[in-house]
S.K.: 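Here you go, one structure.
Note that ligands are numbered from 1 as they come in the structure, with each ligand's atoms numbered from 1 the same way.
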Amino acid sequence: MSDDSRPSPPAAPATARTAVVIPAAGRGVRLGPGAPKALRALGGTPMLIHAVRAMAASRAVSLVVVVAPPDGAAEVKSLLDAHALPERTDFLVVPGGQSRQESVKLGLDALPPGHDIVLVHDAARPLVPVDTVDAVIEAVRDGAPAVVPALPLADTVKQVEPARTPGEPEPVVATPERARLRAVQTPQGFDRATLVRAHETVTGDVTDDAGMVEQLGLTVVAVPGHEEAFKVTRPLDLVLAEAVLARRRLNDGF
Ligand SMILES: Nc1ccn([C@@H]2O[C@H](COP(=O)(O)OP(=O)(O)OP(=O)(O)O)[C@@H](O)[C@H]2O)c(=O)n1
Ligand SMILES: C[C@](O)(CO)[C@H](O)COP(=O)(O)O
């Protein structure tokens, strides 16, 4: 942990404008062969478009920056142009990098001034409800420098000594108390200056942006996540996403 002892930034004011960075540059190796994951169809529409619409559904969001596969920025721009999106929201597309962390940084670098709250949302979480997005924004407006949507776990979690050879039995070394564990989702919300500082300061392996803020020694808070905000990672997740979408369409009557 690198606590540089600087004070927490002041709370973003209630009028602060919100921008979203959507890292969408991953290949989707765990989903199996095919187009980059964000461009694969869900209910006939690219997963990325669902994620963009989910973010733009919040009236607080005025800008969405999509971080495209490194050689796919033109294709992503065409996709955004071809789909109906709210007119009150601006869209930017930038090419991404080799890791999620690098892609988020490239998205942050492209943000124009005037947005004091920044959300980071995985393109791979296409079905997050707008209430979850708004709850994250509200917690940042209320003064938290970093906010994660989170859910309690259903499984017991074991810490193991990872096998040197895949498939070998792995010794269990600890069982963390489940009641204190949470599975965290996106969008994760930040005071912009805090997130920029985290990406400029923290190096090494991190799996989410809030973890980088923790390494600055700042407090990250969790708000309730949503079961439909799950990440499409493996083939079975896509089956579940199709089912959730079909149920929504049935309920909405189209
Ligand atoms: N170089 C990368 C890697 C990932 N991502 C994005 O980060 C999000 C979460 O990553 P993940 O679900 O792991 O996606 P992939 O990296 O595509 O999946 P995999 O690890 O199975 O290849 C996704 O929206 C993905 O597009 C990105 O923008 N740039
Ligand atoms: C950011 C994240 O979605 C929070 O749960 C997750 O850590 C991303 O992991 P991935 O392996 O890059 O999909």
S.K.: Determine, for Asp208 against Arg100, whether the closest basic-nitrogen to carboxylate-oxygen distance falls under 4.0 angstrom.
M.R.: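 Judged by the 4.0 Å cut-off on N to carboxylate O distance, Asp208 and Arg100 do not form a salt bridge.
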
S.K.: Would you please name every residue forming a salt bridge (charged side-chain N to carboxylate O under 4.0 Å, His left out) with Arg40, sequence neighbours left out?
M.R.: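 With neighbours one apart ignored, the set is empty.
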
S.K.: Please write down residue, atom name and distance for the protein heavy atom closest to atom 5 (O) of ligand 2.
M.R.: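 The answer is Val184 O, 2.6 Å.
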
S.K.: Can you list the ligand 2 atoms lying under 4.0 Å from a non-hydrogen atom of Arg125?
M.R.: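 Contacts of ligand 2 toward Arg125, numbered from 1: 2 (C), 3 (O), 4 (C), 5 (O).
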
S.K.: Inspect the contact between Glu170 and Lys158 and indicate whether a charged nitrogen and a carboxylate oxygen are less than 4.0 angstrom apart.
M.R.: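 Salt bridge absent between Lys158 and Glu170.
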
S.K.: Output the list of atoms in ligand 2 that are nearer than 4.0 Å to some heavy atom of Arg100, sorted by atom number.
M.R.: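 Near Arg100, the atoms of ligand 2 are 1 (C), 12 (O).
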
S.K.: Give a yes or no on whether the backbone of Asp131 and the side-chain of Asp134 come within a donor-acceptor separation of less than 3.5 Å.
M.R.: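 Checked: no pair found.
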
S.K.: Can you give me the closest heavy-atom contact between Ala60 and Arg141, atom names plus distance?
M.R.: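 In this case the closest contact between Ala60 and Arg141 is CB-NH2, 3.9 Å.
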
S.K.: Present, as a list of atom pairs with distances to 0.1 Å, all nitrogen or oxygen contacts under 3.5 Å between ligand 1 and the protein.
M.R.:
from     : atom 1 : to     : atom 2 : distance (Å)
ligand 1 : 1 (N)  : Gly97  : O      : 3.0
ligand 1 : 1 (N)  : Gln98  : O      : 3.4
ligand 1 : 1 (N)  : Ser99  : N      : 3.3
ligand 1 : 1 (N)  : Ser99  : O      : 3.4
ligand 1 : 5 (N)  : Gly26  : N      : 3.4
ligand 1 : 12 (O) : Lys37  : NZ     : 2.8
ligand 1 : 13 (O) : Arg30  : NH2    : 2.7
ligand 1 : 14 (O) : Lys37  : NZ     : 3.3
ligand 1 : 17 (O) : Arg27  : N      : 3.2
ligand 1 : 17 (O) : Gly28  : N      : 2.8
ligand 1 : 20 (O) : Arg30  : NE     : 3.3
ligand 1 : 20 (O) : Arg30  : NH2    : 3.0
ligand 1 : 21 (O) : Val29  : N      : 3.2
ligand 1 : 21 (O) : Arg30  : N      : 2.8
ligand 1 : 21 (O) : Arg30  : NE     : 2.9
ligand 1 : 22 (O) : Gly28  : N      : 3.2
ligand 1 : 22 (O) : Val29  : N      : 2.7
ligand 1 : 24 (O) : Pro23  : O      : 2.7
ligand 1 : 24 (O) : Ala123 : N      : 3.1
ligand 1 : 24 (O) : Ala124 : N      : 3.3
ligand 1 : 26 (O) : Ala25  : N      : 3.3
ligand 1 : 26 (O) : Gly26  : N      : 2.9
ligand 1 : 28 (O) : Ala24  : N      : 3.2
ligand 1 : 28 (O) : Ala25  : N      : 2.8
ligand 1 : 28 (O) : Ser103 : OG     : 3.4
ligand 1 : 29 (N) : Ser103 : OG     : 2.7

S.K.: Which atoms of ligand 2 are found less than 4.0 Å from any heavy atom of Asp122?
M.R.: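 Every atom of ligand 2 under 4.0 Å from some heavy atom of Asp122: 1 (C), 2 (C), 3 (O).
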
S.K.: Judged by atom type as modelled, is there a donor-acceptor pair below 3.5 Å linking the side chain of Lys37 to the main-chain atoms of Val232?
M.R.: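 Pair found, side chain donor or acceptor close to backbone of Val232.
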
S.K.: Taking only heavy atoms of Asp208, which atoms of ligand 2 are found under 4.0 Å from at least one of them?
M.R.: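 Close to Asp208: 1 (C).
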
S.K.: Looking at ligand 2, does Arg30 have a heavy atom less than 4.0 Å from it?
M.R.: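 Within the 4.0 Å threshold, so yes.
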
S.K.: Measuring from atom 6 (C) of ligand 2, which candidate in Thr207, Thr233, Val104 has the nearest non-hydrogen atom?
M.R.: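 Among Thr207, Thr233, Val104, the closest heavy atom to atom 6 (C) of ligand 2 belongs to Thr207.
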
S.K.: Minimum heavy-atom separation for Leu119 to Gly189, with atom names?
M.R.: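 Heavy atoms only, the tightest pair is CD2-CA, 3.5 Å.
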
S.K.: Between Leu238 and Ala41, which heavy-atom pair has the shortest distance, and what is it?
M.R.: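 Closest approach of Leu238 to Ala41: CD1-O, 4.4 Å.
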
S.K.: Would the distance check show the side chain of Glu228 and the main-chain N or O of Pro129 forming a donor-acceptor pair, the cut-off being under 3.5 Å?
M.R.: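 Side chain of Glu228 to backbone of Pro129: no pair is present.
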
